[in-house]
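So the structure is just underneath, and the comments pick up after that.
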Amino acid sequence: MREPLTAENLQVFMKALASEARTPSRIYLVGGASAVILGWRSSTIDVDLKIIPESDEILRSLPRLKEQLRINIELASPDDFIPELPGWQDRSRFIQQQGKLSFYHYDFYAQALAKIERGHHIDLNDVEQLIVTGLVDVKRLPEFFTAIRDQIYRYPDLDAETFQQAVERVVKKFGGPLDN
């Protein structure tokens, strides 16, 4: 049985992963892992991450670490579900350096849009936390949605109109303008 991912065992995972890395890479944490680090969730079910550049040594270590630490590990990021936001790496917030690995929160705007698109209760709670803590400026969400709208066709499961309406509901709820 897998353990819930807490801040403590997330730190253990980051150190263990860094001990495997022989070449510099950036590890972008996503979703629940970000929420746990930032303290608005005490735990999550897995650590979602993106590795840049992908590294065979890191990828090969994941199944072993998953078993050894009894946690779920998924290679998943917002750009697996919605079009990649321009400049997302520049907006990704640094967490810490462990050995040759630099850990970041994946761009909070990309996370927010992916969570809005999914629309699950826990995802929308995370979006609310991103906004109320100032990590996402609700007034910029329409701008970021507009930046990816013409690429939505690359994701057959997405409907641009439904996605836009979901973004507009969040913007309206938190008092931002509906300019687009």
Side-chain angles (χ1 to χ4, degrees), residues 3-14 26-50 52 71-97 102-149 151-152 155 157-180:
E3 300 292 324
L5 186 71
T6 63
E8 182 179 327
N9 58 13
L10 182 54
Q11 284 295 323
V12 170
F13 165 74
M14 291 190 292
R26 288 162 288 155
I27 308 297
Y28 294 90
L29 300 180
V30 181
S34 284
V36 166
I37 289 173
L38 294 168
W40 69 75
R41 281 203 226 162
S42 61
S43 67
T44 189
I45 60 171
D46 57 22
V47 57
D48 293 335
L49 55 89
K50 182 176 185 86
I52 297 181
I71 59 173
N72 289 317
I73 302 168
E74 299 290 333
L75 296 175
S77 61
D79 57 26
D80 292 325
F81 306 101
I82 65 171
E84 183 177 288
L85 265 64
W88 72 267
Q89 288 187 46
D90 295 333
R91 287 185 305 277
S92 294
R93 185 177 284 190
F94 180 74
I95 300 169
Q96 67 186 31
Q97 184 77 32
S102 301
F103 290 88
Y104 293 84
H105 293 286
Y106 195 104
D107 173 32
F108 293 126
Y109 287 96
Q111 289 196 53
L113 286 174
K115 287 174 174 291
I116 290 168
E117 193 286 319
R118 279 180 32 151
H120 298 307
H121 180 70
I122 196 163
D123 290 322
L124 296 176
N125 285 342
D126 287 347
V127 171
E128 181 175 354
Q129 287 299 315
L130 288 167
I131 293 168
V132 301
T133 59
L135 296 169
V136 165
D137 178 354
V138 71
K139 295 174 186 165
R140 295 198 64 202
L141 285 174
E143 165 193 339
F144 286 112
F145 175 80
T146 299
I148 63 170
R149 184 181 170 94
Q151 296 298 307
I152 290 176
Y155 296 76
D157 289 343
L158 296 186
D159 176 71
E161 290 303 315
T162 303
F163 189 2
Q164 181 172 349
Q165 290 166 3
V167 171
E168 289 173 352
R169 280 192 300 277
V170 168
V171 171
K172 184 176 179 183
K173 178 178 180 179
F174 293 99
L178 293 173
D179 293 336
N180 60 341

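Computed from heavy atoms alone, side chains included, the values below leave out hydrogens, waters and symmetry copies. As the structure is a prediction and not an experimental result, all values here were calculated from the model.
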(message) With a sphere of 6.0 Å drawn around CD of E8, does it hold more than 12 non-hydrogen atoms of other residues, nucleotides or ligands?
(response) no
(request) Please lay out, stage by stage, how E168 and Q164 fare under the test side chain to side chain donor-acceptor pair (under 3.5 Å). (result) CA-CA 6 Å; E168 289 173 352; Q164 181 172 349; 3.0 Å; yes
Close side-chain approach of [X] and [Y], heavy atoms under 4.5 Å:
X: L113; Y: F81; answer: no
X: F103; Y: I37; answer: no
X: R41; Y: D126; answer: yes
X: F145; Y: I116; answer: no
X: L38; Y: Q129; answer: no
X: R26; Y: Q89; answer: yes

(message) Nearest 0.5 angstrom please: D157 CG to D159 CG, how far?
(response) 11.0 Å
(message) Would you compute the distance between atom CD1 of I73 and atom CG of L49 and round it to the nearest 0.5 angstrom?
(response) 7.0 Å
How far apart are the closest heavy atoms of [X] and [Y], and which atoms are they?
X: Y155; Y: E84; value: OH-N, 4.4 Å
X: V127; Y: A112; value: CG2-O, 3.6 Å
X: F174; Y: V132; value: CE2-CG1, 4.4 Å
X: V30; Y: Q111; value: C-OE1, 3.8 Å

Is there a donor-acceptor contact under 3.5 Å from the side chain of [X] to the main chain of [Y]?
X: D48; Y: G32; result: no
X: S92; Y: W88; result: yes
X: E3; Y: I71; result: no
X: Y106; Y: Y28; result: no

(message) Suppose we screen for side chain to side chain contact (heavy atoms under 4.5 Å, CB included). Which residues come up paired with Q151, at least two apart in sequence or across chains?
(response) P83, Y153, R154
(message) List the residues meeting side chain to side chain donor-acceptor pair (under 3.5 Å) with D46, not counting sequence neighbours, and say none if there are none.
(response) none
